[in-house]
Participant: 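Dropping a structure here in structure tokens format, bear with me for questions.
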There are 2 protein chains.
Amino acid sequence: MTIWGNLGKRLRNCYREGVNEHPPPGGPAPMADVADAAGVAVSTVSRALRGRPGVSRAQREQILRVADELSYSVSASASRLAGGRTGAVGVLVPRIDGWFHSTAVAGLQERLHEHGLDLVLYRLQGREERAEFFDRRAFRHRVDALAVVGTTLTPDEEGLLAAADLPVVGVSTRPSGRPFTDVDDHAGAAGATRHLTNLGHERIAILRSTTLLGTHGAVSHERYAGFCDAMAERGLEVPEAYVVSAPWGLEGGAQAMAELLSAATPPTAVFAESDEVAIGALRTLRRSNIEVGRGMSVIGFDDHQLAELLDLSTVAQPVHEQGRTGGDLVVEALDNGRVAEPERVLPTRLVVRGTSAGH
Amino acid sequence: MTIWGNLGKRLRNCYREGVNEHPPPGGPAPMADVADAAGVAVSTVSRALRGRPGVSRAQREQILRVADELSYSVSASASRLAGGRTGAVGVLVPRIDGWFHSTAVAGLQERLHEHGLDLVLYRLQGREERAEFFDRRAFRHRVDALAVVGTTLTPDEEGLLAAADLPVVGVSTRPSGRPFTDVDDHAGAAGATRHLTNLGHERIAILRSTTLLGTHGAVSHERYAGFCDAMAERGLEVPEAYVVSAPWGLEGGAQAMAELLSAATPPTAVFAESDEVAIGALRTLRRSNIEVGRGMSVIGFDDHQLAELLDLSTVAQPVHEQGRTGGDLVVEALDNGRVAEPERVLPTRLVVRGTSAGH
DNA sequence: CTCCAAGACGCAAACGTTTGCGAAACGAGG
DNA sequence: CCTCGTTTCGCAAACGTTTGCGTCTTGGAG
């Protein structure tokens with residue numbers, strides 16, 4: 001400890017104690033207070049808190065103790081400004097209400113919180129909201145990394161993200177060249193389809209769902225491909241009338257099902273790309289007095305909370321865990337600059353309930 | 001314009017153009033770049049961007065135009081550090097998955113986004129998570145205001161928030177001395193109860209729901225009081241066996257209903273404090289082959305998405321709009337330092353469906 | 001005892017913005 | 001032409017942290 005160092009501290013303390021006995025309790029205690037209390041310089045406090053080398057064990061422990069006593073927490077703003085981290089991660093969702101996205105975000109939040117990271121929620125709903133987000137790039141000042149949840153980025157959007165030079169991970173989506181976690185939608189859809197063919201069904205329709213933008217996302221394409229491949233395996237044909245697209249949700253499913261029922265030869269089973277759509281279809285079937293499970297089999301995808309209640313057969317995917325895994329990816333990218341297994345595909349599971357039965 | 005001012009800018013431009021033709025495209029453009037491009041000082045840019053007086057109309061417009069061309073956005077960190085705003089609002093929720101909270105947050109996000117505010121999500125789930133949040137108070141460095149959504153704060157927690165000196169608003173909760181928005185739970189519950197008594201029911205039970213902490217929140221107390229008052233109005237008694245508490249959710253409701261069915265004299269109608277609980281009760285009734293609407297009437301509270309699907313009578317509350325109104329409160333508090341109508345009670349609406357019928 | 005290397009720590013310069021204060025410019029009145 | 005007031009704008013000092021660099025300390029070898 002240098003003479004000057006001590007002197008400096010003395011002077012500061014004199015000032016503090018003499019002129020301004022009680023520091024205003026309003027503002028957060030700055031790092032300088034911790035330094036004073038611990039009898040070291042702010043630079044040492046900073047190094048101790050960030051786990052940087054150049055601080056002796058004893059000092060480090062003492063500083064951590066003092067910081068804890070003062071319930072000190074670093075100013076994210078100042079830290080970021082000086083070249084450090086903000087300690088926050090941006091999460092991009094097309095919407096936050098709705099089962100899938102809120103569950104995935106909950107899983108993400110869980111992991112991020114374990115690592116002391118805050119979560120900034122960005123909603124990308126509608127074209128101009130997306131455009132504004134990627135154009136302004138205000139997130140660069142606020143977050144250390146981004147997690148994209150359940151929405152497919154356009155090449156343009158990916159390009160703009162790349163310019164920001166932040167780690168980006170995908171949850172239930174695969175941004176090109178980035179780590180991601182999702183499920184094997186193709187295999188899941190194929191499994192559901194095989195389940196129906198194994199029950200003896202041959203005339204099987206598919207209810208496809210579109211995003212808020214009215215297009216099919218990558219997930220939809222995968223599930224459709226899985227369906228088609230499984231049908232082809234068995235040498236079964238899929239007439240054009242058996243492929244119906246509807247906006248995601250109950251209403252869409254209900255209408256799409258009505259359309260199917262008006263076909264020249266209605267199908268005997270239906271695979272819906274999502275449970276919400278399947279449930280809408282169920283409603284139409286109930287209202288048409290068609291006994292589900294006997295007259296018509298239905299299977300969905302997701303294992304939505306409602307599926308169990310309504311006894312809907314489905315392909316379960318671990319949504320909460322996808323969120324958590326996404327959190328892991330972010331944390332690893334932030335800690336090491338890279339992630340070990342950048343492609344984490346979680347398993348799906350066929351859940352057979354009452355709405356699918358033999359023909 | 002002073003000679004020195006122009007000279008300063010010239011020198012900077014020379015440097016930039018000569019030595020470093022293309023500024024590194026990675027980092028965000030600082031305010032100085034906008035100042036240079038507009039031919040003014042950074043202080044003027046700052047004032048123009050924040051709408052402060054002391055800038056001529058012409059300059060202000062030109063600066064805004066230039067800033068837009070450069071797609072400039074201020075650094076939240078630097079702004080905050082220098083005494084400005086972070087442009088972010090913290091949202092406190094007990095959980096983010098689940099219909100009520102995610103819908104309210106969606107409404108909040110909508111309004112905040114309209115006013116250029118970002119949303120930082122804090123989850124307060126479990127006692128120690130709450131304690132840690134209020135003890136560290138890390139949010140002070142990150143957000144300009146807080147919105148508490150759907151959870152009751154303890155007096156201690158309110159005290160710690162007060163020390164942080166931030167605007168705080170409540171959504172579906174009433175932090176003492178703070179602006180809030182919610183619905184009249186007492187009146188809503190009383191209305192539901194009167195609906196049942198008007199149908200001729202006299203033996204009416206109530207399914208109360210507890211929070212994640214196992215306690216009854218303020219909302220639960222209000223709804224219970226509304227139920228009791230409406231019963232008292234008609235001179236009807238509420239035996240102890242007709243008041244059952246269960247953890248919030250399907251399972252809790254299912255178990256609580258089972259308990260009621262094992263009473264010496266089962267009730268003829270049930271008011272559930274929330275739709276989730278009511279739906280759990282419906283499941284038990286269906287499994288017991290008790291015809292809902294004839295043998296037993298059920299009414300819930302919330303108008304959950306499922307209520308319509310399951311034909312559940314209920315008291316509808318505007319969740320999304322509560323979120324939006326909460327956003328309004330935050331924006332007004334931030335803009336004016338105070339809000340005009342700090343208590344915004346939105347209307348509930350009795351929705352009669354198939355599960356409630358005469359006795 | 002002297003010298004040297006390595007480890008521990010302090011100093012000070014950034015980072016990008018906000019804002020009080022002072023100076024310049026301009027117009028009007030004397 | 002001088003003075004004064006008003007408006008517009010630049011200067012520079014914060015804000016709290018990080019980090020390169022320099023200095024001091026410590027302990028061991030020569």
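Naming: A, B, ... by sequence-line order, numbering from 1 per chain.
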Participant: Of all the nucleotides listed (dC21(C), dT17(C), dG16(D)), which has the minimum atom distance to the side chain of Ala78(B)?
Facilitator: dT17(C)

Participant: Please give, in whole Å, the distance from dT8(D) C1' to Arg52(B) CZ?
Facilitator: 17 Å

Participant: Return the nearest nucleotide to the side chain of Gln59(B); candidates are dT17(D), dT19(D), dC9(D).
Facilitator: dC9(D)

Participant: Is the shortest distance from a Lys or Arg side-chain nitrogen in Glu341(B) or Arg344(B) to a carboxylate oxygen in the other one below 4.0 Å?
Facilitator: no

Participant: Taking the side chain of Val42(B) as its heavy atoms from C-beta onward, which of dC9(C), dT17(D), dT18(C) lies nearest to it?
Facilitator: dT18(C)

Participant: Just the rounded figure in Å: distance from P of dT26(D) to CZ of Arg57(A).
Facilitator: 20 Å

Participant: Any base atoms under 4.0 Å from Ser43(A), or only sugar-phosphate, or nothing? Heavy atoms, all strands.
Facilitator: base

Participant: Taking any heavy-atom pair under 4.0 Å as a contact, classify Val55(B): base, sugar-phosphate, or nothing.
Facilitator: sugar-phosphate

Participant: When you check the gap from the basic side-chain N to the acidic O, do Glu61(A) and Arg65(A) get nearer than 4.0 Å?
Facilitator: no

Participant: Between dT17(C), dG16(D), dG10(C), which nucleotide gets closest to the side-chain atoms of Met31(B)?
Facilitator: dT17(C)

Participant: Could you check which of dG10(D), dT17(D), dT8(D) has an atom nearest any side-chain atom of Pro30(A)?
Facilitator: dT17(D)

Participant: Between dC9(D), dT17(C), dG16(D), which one does the side chain of Ser75(B) approach most closely?
Facilitator: dT17(C)

Participant: For a quick check of understanding: with a heavy-atom distance under 4.0 Å over all strands, which category does Arg80(A) fall into, base, sugar-phosphate or nothing?
Facilitator: nothing

Participant: Whole angstroms only, please: what is the CZ-C1' distance between Arg47(A) and dA12(C)?
Facilitator: 12 Å

Participant: Could you check whether Asp165(A) pairs with Arg140(A) (Lys NZ or Arg NE/NH1/NH2 to Asp/Glu carboxylate O, under 4.0 Å)?
Facilitator: no

Participant: Kindly say whether Leu334(A) contributes a backbone atom to a donor-acceptor pair with the side chain of Arg85(A) at under 3.5 angstrom?
Facilitator: yes

